[in-house]
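Keep in mind the model is a prediction, meaning the values are calculated, not measured. In what follows, every heavy atom counts, from backbone to side chain, and hydrogens, waters and symmetry copies are set aside.
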Amino acid sequence: MRVRRGNVRDAVTDGGRSAVYVDGQVIVLSEMATFILDTVPDGVAVHIDGIESSVVAEFGPPPPPGDAKMLTRGQVIDLLAHGVLIDDAPTVATAPTVRSTESLYAALAHLRSTHQSRWHLPNDVSPAEFLASARQHHVLPFLAHHSHRLDLPTDLDAAMTAASTRVNASVRVLVGELAHALEALTRADVRALVFKGLALATQAYGHASVRGAGDLDLLVSPQDLVAAHEALVRAGWRHDPTYPRPAPSWAWRHMVRTGYELTLESDVSILDLHWHLSPMKSTSPSFDDLWRRREVLDIGGRQVPTLSRYDALAHSAAHSAKDQWRWLRSLLDVHLLASDARTWQPNRRLRHDELVTLGLAVLALGRPETAPTVVDQAALAALPHRERVIALHVGTEQSHVPPETPGTTLARSLRAIWRSRSSVTEVPRVVSSSLLPTWLTVDEQAASAAAAVPRLLSRRARLMTRRVMRRDASTR
């Protein structure tokens with residue numbers, strides 16, 4: 001691994017220690033970290049082996065059982081995580097391949113097994129390709145956490161550890177933001193369940209940083225939605241202008257009826273405020289049922305209410321199906337929950353889409369020893385989908401990409417209704433949401449549907465006509 005200086009603007013050194021200004025923040029470095037930074041001149045890439053030699057020459061070898069290489073690498077990775085140093089790897093992204101995706105499957109299956117041997121990266125898969133697949137499927141922190149069971153090239157191991165360290169830093173910020181949000185809702189006398197993200201990581205992986213988390217997800221009762229929104233805005237989160245604001249308007253009522261979440265944003269976090277667990281409202285438990293079955297977790301020293309393990313399994317499986325099983329991390333979520341004997345205290349049957357996700361997780365990562373026979377039924381239900389999902393995993397994007405073809409979202413939503421075996425009553429709601437999406441209704445102040453809907457449909461037709469004309473013009 002070769003590293004070079006990050007965007008270090010100012011550095012003040014005193015007594016061997018220094019304070020540096022990087023990307024808008026001041027970072028205080030230890031004496032060894034200061035020395036390491038000094039060994040990396042501006043505009044020059046330095047190999048980590050050279051840094052190690054310089055550190056040993058300056059400080060001497062560490063006392064047993066310390067290891068100079070591991071000690072130096074740990075310091076370098078910490079500096080990478082904070083942007084003081086940056087990896088000098090080529091900026092051209094390496095694309096995942098069929099073999100690197102297959103290898104990622106094998107590595108995850110090994111880590112979910114009871115085998116005590118260390119898994120080796122195949123000779124025909126480069127470290128860069130494997131890293132690209134692991135990043136694509138959001139499992140770098142999990143792999144880094146279990147690196148003692150993997151036999152990987154030094155550079156690959158270091159890159160994974162650096163990525164994991166950056167996740168740890170972001171998780172610490174989110175834990176603070178979560179505490180702030182829950183305090184605001186408690187003051188407003190609003191019950192809230194934390195799910196996905198930090199809660200799922202703690203519940204399934206044992207620690208919030210092993211999975212990684214990008215935002216906060218809170219579920220409140222539909223009756224408490226306005227109070228929750230007001231409390232969080234007072235606490236510093238900003239309303240996303242692409243959603244209607246709480247008001248006695250048709251647009252707000254339409255969003256609450258057809259949607260299930262809205263987004264709020266602070267200076268350091270994004271919070272998704274849900275009033276239903278998933279888009280398939282007719283087959284999802286009510287908030288009161290979920291609250292009654294809730295589990296309480298310790299996250300950052302705070303007691304946090306979340307879904308029961310069985311509800312978390314069902315929701316994770318449904319969420320993966322909604323995303324068409326694109327990412328291996330979602331199957332890993334389900335597999336970890338299914339492998340926990342505490343999960344299997346069911347109070348409702350899994351929907352068909354949830355059952356298929358469970359089956360795909362079992363087929364990819366192995367049968368959990370303590371799971372009941374429903375996992376075998378799930379594996380059979382998943383077989384018709386297996387080859388298509390494996391092919392999808394090779395080329396999927398790292399994040400959601402909105403479809404460009406008109407009607408694609410509606411088609412996917414209707415397919416989701418079929419997969420979940422939801423009530424046909426979901427169809428009018430889904431069609432209404434597709435024809436009149438929230439971004440179209442956000443400025444509509446009319447109180448009645450009779451006044452709002454004709455105007456909005458006319459606007460939608462004009463927008464679609466212009467879009468088609470622009471696309472036709474660009475192809476000529």
Side-chain angles (χ1 to χ4, degrees), residues 1-94 118 121 126-132 134-135 140-141 143-148 150-173 209-210 212:
M1 172 185 277
R2 302 180 69 87
V3 298
R4 53 190 174 88
R5 285 194 174 214
N7 188 26
V8 180
R9 295 191 176 182
D10 296 306
V12 178
T13 303
D14 183 19
R17 297 169 62 90
S18 62
V20 297
Y21 186 75
V22 180
D23 295 334
Q25 60 179 336
V26 176
I27 300 172
V28 179
L29 304 182
S30 67
E31 186 177 351
M32 183 178 289
T34 299
F35 178 81
I36 290 173
L37 180 61
D38 289 341
T39 65
V40 184
D42 283 330
V44 177
V46 179
H47 197 280
I48 194 170
D49 289 345
I51 296 174
E52 176 198 339
S53 300
S54 299
V55 168
V56 173
E58 176 70 17
F59 296 95
D67 180 88
K69 188 169 187 176
M70 293 300 295
L71 181 64
T72 304
R73 193 176 74 171
Q75 291 279 337
V76 170
I77 286 171
D78 195 48
L79 293 173
L80 285 167
H82 290 90
V84 180
L85 297 177
I86 57 177
D87 191 347
D88 193 52
T91 55
V92 177
T94 300
R118 299 181 73 191
L121 184 68
S126 73
E129 290 168 345
F130 185 80
L131 185 66
R135 183 176 285 118
L140 276 176
L143 293 171
H145 183 73
H146 294 282
S147 61
H148 60 284
L150 303 171
D151 186 4
L152 301 174
T154 302
D155 287 2
L156 174 55
D157 193 28
M160 290 199 316
T161 305
S164 180
T165 304
R166 288 191 288 271
V167 168
N168 287 341
S170 64
V171 163
R172 286 194 294 271
V173 172
S209 64
V210 180

Legend entry - Heavy-atom donor-acceptor pair, Arg135 side chain to Leu140 backbone, under 3.5 Å: no
Legend entry - Residues Met160, Leu152; criterion side chain to side chain contact (heavy atoms under 4.5 Å, CB included); working and verdict: CA-CA 10 Å; Met160 290 199 316; Leu152 301 174; 3.2 Å; yes
Legend entry - Pairs where residues 49-63 contributes a residue and the test salt bridge (charged side-chain N to carboxylate O under 4.0 Å, His left out) is met, not counting sequence neighbours: none
Inset, instruction - Answer whether the closest heavy-atom distance between the side chains of Val3 and Leu79 falls below 4.5 Å. - result: no
Inset, instruction - Check whether any side-chain heavy atom of Pro61 sits under 4.5 Å from a side-chain heavy atom of Val56, and report yes or no. - result: yes
Inset, instruction - Output all residues satisfying side chain to side chain contact (heavy atoms under 4.5 Å, CB included) with Pro153, sequence neighbours left out; order by chain, then residue number. - result: Leu121, Pro127, Leu156
Legend entry - Partners meeting ring-ring contact (aromatic ring centres under 6.0 Å, His included) with His47 (sequence neighbours left out): none
Inset, instruction - Please identify each residue that fulfils side chain to side chain contact (heavy atoms under 4.5 Å, CB included) with Arg118, with sequence neighbours left out. - result: Asp151
Inset, instruction - Taking all non-hydrogen atoms of both residues into account, name the closest pair between Pro141 and Val167 and its distance. - result: CG-CG2, 3.7 Å
Inset, instruction - Would you name the heavy atoms of Ser209 and Val171 that are closest together and state the gap between them? - result: CA-CG2, 4.0 Å
Legend entry - Nearest heavy-atom neighbours spanning Arg4 and Val40: CA-CG1, 3.7 Å
Inset, instruction - Look up atom CD1 in Ile51 and atom CD1 in Ile36, then write down how far apart they are to the nearest 0.5 Å. - result: 6.5 Å
Legend entry - For Pro41, side chain to side chain contact (heavy atoms under 4.5 Å, CB included) partners two or more places apart: Val44, Val46
Between side-chain atoms of residues 28-35 and protein atoms elsewhere (two or more places apart, or another chain), which donor-acceptor pairs fall under 3.5 Å?
{"unit_1": "Ser30", "atom_1": "OG", "unit_2": "Ala33", "atom_2": "N", "d": "3.1"}
{"unit_1": "Thr34", "atom_1": "OG1", "unit_2": "Ser18", "atom_2": "N", "d": "3.2"}
{"unit_1": "Thr34", "atom_1": "OG1", "unit_2": "Ser18", "atom_2": "OG", "d": "2.9"}
{"unit_1": "Thr34", "atom_1": "OG1", "unit_2": "Ser30", "atom_2": "O", "d": "2.8"}

Inset, instruction - Could you check Val8, Ile48, Val76 and say which one makes a side chain to side chain contact (heavy atoms under 4.5 Å, CB included) with Leu85? - result: Val76
